[in-house]
Amino acid sequence: MDEKVEALRRWRGDGRPVACVTITRAQGSSPREAGAFMLVSADAASGTIGGGELEWRATCAAREALSCDVRTRTLSVPLGPEIGQCCGGRVDLRIERLDANGFDALERSLLQERARRPTLILFGAGHVGRALASSLSALPLRLIWADSRPEEFGAIPQGVEIEETGDWENIVADAPSGSGALVLTHSHALDALVVAALLERGDFAYVGMIGSTTKRRKFESSFREIGLPDERIATLICPIGDRGVRDKRPEVIAALVAAEIVERLLHAKPLERTS
């Protein structure tokens, strides 16, 4: 469950007053964009509007509004010497105490936003797969983690959907257009089958496979033999996370691949299925 949704439901259930602090306008250099928001209660917060002195002032203002039962207030914060920063921009904030309708509307909005997140399928629960699941679970994705060996998953990060199955064909077939996939199973033969199916669909925004350039060349030859066109094969990312860093520790690989996913999936243009 999304951190903000969980906090919203928990605080509402406890009867805590909650304020929503939203950036309504961001000018110049600012740590977050207009529309970014955080939730503030008397002793906790969820989300961020950029951290630092800006967020500290906003949190204090929100708690003051809650203690005085102020429904709405605004705040304009210059991000310069006045608050000990040198960004040079300015942000306008709206602080709103949530009533029952506000709680309902915000929860609906958060759930709708979550439903719009791109899907990423992680095939494989080996040592790199486990590191990837941990790193990727923090990103705004719907993360599906698939492996036929349930004992390999270990600790499952919050929010990750588990598929304990070898039925990879249906997982690929059911994925929404524009999804991403990372393939790192325990078998090169299985890697080849899964990647071929992903490339045959033609509408995945990202298809990545762990392996060397030698592995890629061998797979390319096999893909051509089964009739996959070169333009489809060229979309395969292998090696994954190839950012010029030669470090094979799983946690480092996972960090590099997470950066690649942000670039190629979270900020990818929508794709249409090709024939």
Side-chain angles (χ1 to χ4, degrees), residues 118-139 141-157 159-228 232-243 246-262 264-265:
T119 296
L120 176 65
I121 308 167
L122 174 60
F123 291 98
H127 59 289
V128 177
R130 290 190 292 272
L132 275 166
S134 178
S135 293
L136 295 171
S137 65
L139 297 180
L141 296 163
R142 178 192 177 200
L143 182 58
I144 300 172
W145 191 12
D147 199 299
S148 61
R149 306 163 299 161
E151 70 279 3
E152 291 297 312
F153 287 102
I156 298 170
V160 178
E161 300 176 34
I162 298 300
E163 291 282 354
E164 296 179 2
T165 177
D167 186 12
W168 56 267
E169 295 100 328
N170 278 331
I171 295 175
V172 171
D174 292 342
S177 179
S179 296
L182 280 164
V183 182
L184 45 150
T185 77
H186 60 288
S187 163
H188 280 202
L190 182 55
D191 284 352
L193 290 171
V194 175
V195 170
L198 293 165
L199 296 179
E200 282 176 346
R201 272 198 50 164
D203 62 348
F204 271 69
Y206 171 90
V207 178
M209 178 179 68
I210 198 165
S212 63
T213 53
T214 299
K215 179 180 178 182
R216 180 191 179 106
R217 291 191 194 100
K218 290 182 177 179
F219 277 38
E220 286 179 343
S221 177
S222 298
F223 294 155
R224 291 189 184 99
E225 288 178 4
I226 64 172
L228 276 174
R232 293 274 184 90
I233 297 172
T235 64
L236 173 64
I237 306 300
C238 179
I240 52 173
D242 187 10
R243 308 177 74 84
R246 297 293 173 252
D247 191 323
K248 296 184 179 181
R249 286 175 288 183
E251 298 80 9
V252 176
I253 294 172
L256 297 172
V257 174
E260 186 170 277
I261 293 297
V262 170
R264 294 179 176 268
L265 182 60

Exercise. Step by step, would you call Leu182 with Tyr206 a side chain to side chain contact (heavy atoms under 4.5 Å, CB included)?
Worked result: CA-CA 8 Å; Leu182 280 164; Tyr206 171 90; 3.5 Å; yes
For this session: Applying side chain to side chain contact (heavy atoms under 4.5 Å, CB included), run through Leu143 and Leu122 and close with a yes or a no.
Result: CA-CA 7 Å; Leu143 182 58; Leu122 174 60; 4.3 Å; yes
For this session: For the pair Ile226 and Glu200, evaluate side chain to side chain contact (heavy atoms under 4.5 Å, CB included) and give the outcome as yes or no after the intermediate values.
Result: CA-CA 10 Å; Ile226 64 172; Glu200 282 176 346; 4.3 Å; yes
Problem set entry | Evaluation steps, side chain to side chain contact (heavy atoms under 4.5 Å, CB included), between Thr235 and Phe204 | CA-CA 9 Å; Thr235 64; Phe204 271 69; over 6 Å; no
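The two residues Leu136 and Ala258 have their closest heavy-atom pair at CD2-CA, 3.9 Å. The heavy-atom pair separating Leu198 from Ala181 by the smallest distance is CD1-CB, 3.6 Å. When all heavy atoms of Ala133 and Pro157 are compared, the closest pair comes out as O-CG, 3.6 Å. Taking each heavy atom of Ile210 and Lys215 in turn, the nearest pair found is O-NZ, 2.9 Å. Trp145 approaches Phe153 most closely through the heavy-atom pair CH2-O, 3.4 Å. Annotation for Arg216 and Leu236: closest pair NH1-O, 2.6 Å, computed over non-hydrogen atoms.
For the atom pair CZ (Arg243) and CD (Glu260), the distance works out to 7.0 Å, reported to the nearest 0.5 Å. Rounded to the nearest 0.5 Å, atoms CG (Leu199) and CZ (Phe219) are 11.0 Å apart. Summarising the geometry, atom NE2 belonging to His188 is positioned 13.0 Å from atom CG belonging to Leu193; distances are rounded to the nearest 0.5 Å. Once rounded to the nearest 0.5 Å, the distance linking CD1 of Ile237 with CZ of Arg264 reads 3.5 Å. Taken to the nearest 0.5 Å, the CE atom of Met209 stands 10.0 Å off from the OG1 atom of Thr185. Distance OG/Ser222 to CG/Leu228: 10.5 Å, rounded to 0.5 Å.
Without hydrogens or angle criteria, Asp147 side chain to Ala125 main chain gives a donor-acceptor distance under 3.5 Å. A distance-only check finds a donor-acceptor pair linking the side chain of Arg201 to the backbone of Ala175 [under 3.5 Å].
Between Val195 and Phe123, the closest side-chain pair of non-hydrogen atoms is not below 4.5 Å. A 4.5 Å side-chain heavy-atom check between Val257 and Val128 finds every atom pair outside the cut-off.
With sequence neighbours excluded, the residues satisfying side chain to side chain contact (heavy atoms under 4.5 Å, CB included) with Ala254 are Ala131, Leu132, Ser135. Under the side-chain hydrogen bond (donor to acceptor under 3.5 Å, both in side chains) criterion, Glu169 pairs with no residue, sequence neighbours left out. The side chain to side chain contact (heavy atoms under 4.5 Å, CB included) search around Thr165 returns Glu163, Asp167, Ile171, not counting sequence neighbours. For the side-chain hydrogen bond (donor to acceptor under 3.5 Å, both in side chains) test, no residue two or more places apart in sequence or in another chain qualifies with Glu164. Qualifying side chain to side chain contact (heavy atoms under 4.5 Å, CB included) partners for Pro176, counting only residues two or more places apart in sequence or in other chains: Thr119, Ser179.
Pairs engaging residues 121-138 under the salt bridge (charged side-chain N to carboxylate O under 4.0 Å, His left out) rule: Arg130-Glu152 [sequence neighbours left out].
More than 12 heavy-atom neighbours from other residues, nucleotides or ligands sit within 6.0 angstrom of CZ on Arg149.
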